[in-house]
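All heavy atoms count here, side chains included; hydrogens, waters and symmetry mates do not.
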Amino acid sequence: MKKIAVGILGATGTVGQKLITLLADHPWFTVEEVVASEKSAGKPYGSVVAWRETQEIPKKIKQLEIKKVFDSLASKLLFSSLDATVAAAVESHYVERGHIVISNAQSHRLHSQVPLVIPEVNGTHLQLLHGERSRGFIITNPNCVVMVLALALYPLFKNFGLEKVMVHTMQAVSGAGYPGVASMDILGNVIPHIDGEEEKISREILKLFGTYCDRKIDFAAIKVSALCNRVPVFHGHTLNVAFTTVEKIDSEALVAAWKNFKGLDLPSSPSNIIRYFDDCHRPQPRLDVNFGNGMGITIGNLRPCSILDWKCTILGHNTVRGAAGAAVLNAEHLVANGLHT
């Protein structure tokens, strides 16, 4: 197939850079436009960006002239890694002009007519877009913690039902963007608060696990409580999770549900989404964050909980599966369903 031209909004930021690395050799997409702030506009991308990825800037991207937000763009399909402070206005602007925006920002996630999508979990929520194909629209991926949590809990929700979930997060510093948290604050330390994070987790997962009905999503009825912390780890959000299922089951059934959770026939979806460890000392960010090229998650340390039914540890790559990779996968899902034109 001929590659589809795409643009990146917020191309110089942390998630924008990760999008560029993931799209550099993508079989379906080619980056033709990069958009950043007005002060960067008109300059070659490579002369402006404070590049933080381990691989070199692709030569083609390095020479692209940066456009500023609200400029006219030729690419119909746009990836948005904009900061939430500007994302709502900018994304809406491009939708009004007929663009399809794949957003990593929080601004539209809970809008009643915007799909919040993880293709392996709730790809059918694209039904919200019926009747919207003649104009622009937005689809979003969830918060980076919600992404990891949802992938771990969905096989259990689908097979056994869920009643209550308690999640305690240990979130990597890369989740705060660049320059992020000051080194004097985070080194040798734990920061026990991340603005707005607990509320996002408690709401977004209910929409993801909700049911499409009559042009809207009926949210799932699960009680979710979250406690969020920033820790001195570069990549990888680690979650300690306790949960109660509707159907009372044993550990073998839980592990089997995780192991049987398979990916989709899309370039960015790993064949095995979850790797389960019998080793109670795994997963660990240093060892396991890149499972499935960063698009899978790892789970271990499953044991009974004296308050809820079960507890375990979950790990996922926050800037790949939790951000840029999730947006790329959503774009693939759109193309596979013929909704990109």
Side-chain angles (χ1 to χ4, degrees), residues 1-9 19 22-23 26-32 73-81 91-92 94-105 108-142 146-147 150-151 154-155 157-158 204-205 207-220 261-273 292-293 295-296 320-341:
M1 63 180 287
K2 181 180 178 181
K3 287 193 176 185
I4 299 164
V6 302
I8 299 178
L9 309 177
L19 277 166
L22 294 177
L23 292 168
H26 196 281
W28 294 5
F29 306 118
T30 177
V31 178
E32 297 293 337
L73 300 175
S75 305
K76 182 169 184 179
L77 186 61
L78 305 177
F79 291 94
S80 173
S81 58
E91 292 173 359
S92 296
Y94 285 111
V95 166
E96 289 168 3
R97 281 148 184 81
H99 293 276
I100 298 168
V101 178
I102 314 294
S103 178
N104 184 69
H108 295 98
R109 287 176 186 155
L110 295 179
H111 189 287
S112 62
Q113 295 304 303
V114 173
L116 178 68
V117 175
I118 303 172
E120 301 99 336
V121 170
N122 66 332
T124 58
H125 284 194
L126 290 184
Q127 293 174 92
L128 283 172
L129 300 176
H130 287 174
E132 301 293 326
R133 291 184 59 182
S134 61
R135 51 188 177 182
F137 56 82
I138 300 173
I139 68 168
T140 64
N141 47 275
V146 175
M147 174 63 72
L151 287 171
Y154 180 69
F157 172 75
K158 178 182 178 181
E204 289 180 23
I205 197 162
K207 184 175 181 179
L208 285 165
F209 287 2
T211 304
Y212 174 82
C213 180
D214 193 25
R215 295 276 297 150
K216 63 183 178 67
I217 303 299
D218 293 330
F219 283 26
F261 186 33
K262 302 299 182 183
L264 303 174
D265 186 21
L266 296 171
S268 297
S269 182
S271 57
N272 293 308
I273 297 174
N293 294 319
M295 289 296 287
V320 180
R321 186 71 213 218
V328 173
L329 182 58
N330 271 342
E332 294 168 358
H333 186 50
L334 276 183
V335 171
N337 283 274
L339 294 171
H340 64 295
T341 57

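Counting heavy atoms from C-beta outward, Ile217 and Ser112 have side chains that stay 4.5 Å or more apart. Annotation: side chain of Val114 is not in contact with side chain of Arg109 (no heavy-atom distance under 4.5 Å). Contact annotation: the side chain of Val121 approaches that of Phe261 to within less than 4.5 Å [non-hydrogen atoms, C-beta and beyond]. Counting heavy atoms from C-beta on, the side chains of Tyr94 and Leu73 come closer than 4.5 Å. In this structure, Phe137 and Leu334 have side chains that are in contact, with non-hydrogen atoms separated by less than 4.5 Å. Residues Ile139 and Leu339 are not in side-chain contact: their nearest non-hydrogen atoms beyond the backbone lie 4.5 Å or more apart. With contacts defined as side-chain heavy-atom distances shorter than 4.5 Å, the pair Ser80/His108 does not qualify. The side-chain heavy atoms of Lys262 and Asn272, taken from C-beta on, include a pair separated by under 4.5 Å.
Considering all non-hydrogen atoms of both residues, Leu151 and Pro155 come closest at O-CD, 3.3 Å. Contact detail for His125 and Gly210: the closest heavy-atom pair is NE2-O, 3.0 Å. Closest of all the heavy-atom pairs between Asn330 and Pro119 is OD1-CD, 3.2 Å. The nearest pair of heavy atoms linking Gly325 to Met295 is O-CE, 3.5 Å. Nearest heavy atoms, Phe79 versus Leu19: CB-CD1, 3.9 Å. Contact detail for Ile118 and Ala150: the closest heavy-atom pair is CD1-CB, 3.7 Å.
Between His26 and Trp28, the two ring planes are perpendicular [angle over 60°; tilted spans 30° to 60°]. Using a 30° and 60° split on the angle between ring planes, Phe209 and Phe157 fall in the parallel class, below 30°.
A salt bridge is defined here as a Lys NZ or Arg NE, NH1 or NH2 lying under 4.0 Å from an Asp or Glu carboxylate O, and Lys216 with Asp218 meets this definition.
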*Checking side chain to side chain contact (heavy atoms under 4.5 Å, CB included) for the pair Glu91/His99: CA distance, chi angles, key distance, verdict?*
CA-CA 9 Å; Glu91 292 173 359; His99 293 276; over 6 Å; no

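With values rounded to the nearest 0.5 angstrom, Glu32 atom CD is found 12.0 Å from Ile4 atom CD1. Distance CD1/Ile8 to CD1/Ile102: 12.0 Å, rounded to 0.5 Å. Note that CG of Asp265 is 11.0 Å distant from OG of Ser271, once rounded to the nearest 0.5 Å.
When atom types are taken as modelled, the side chain of Glu120 and the backbone of Ser269 share no donor-acceptor pair closer than 3.5 angstrom. For the pair Glu204 (side chain) and Asn141 (backbone), a donor-acceptor distance under 3.5 Å is absent. Side-chain N or O atoms of Asn104 include none that pairs as donor or acceptor with a backbone N or O of Ala327 at under 3.5 Å. Judged by distance alone, the side chain of His340 and the main-chain N or O of Ala331 form no donor-acceptor pair under 3.5 Å. Although no hydrogens or angles enter the test, the distance criterion places a donor-acceptor pair under 3.5 Å between the side chain of Ser81 and the main chain of Leu9.
Around atom NZ of Lys158, no more than 12 heavy atoms belonging to other residues, nucleotides or ligands sit under 6.0 Å away. Around CG of Asn293, the count of heavy atoms belonging to other residues, nucleotides or ligands within 6.0 Å does not exceed 12.
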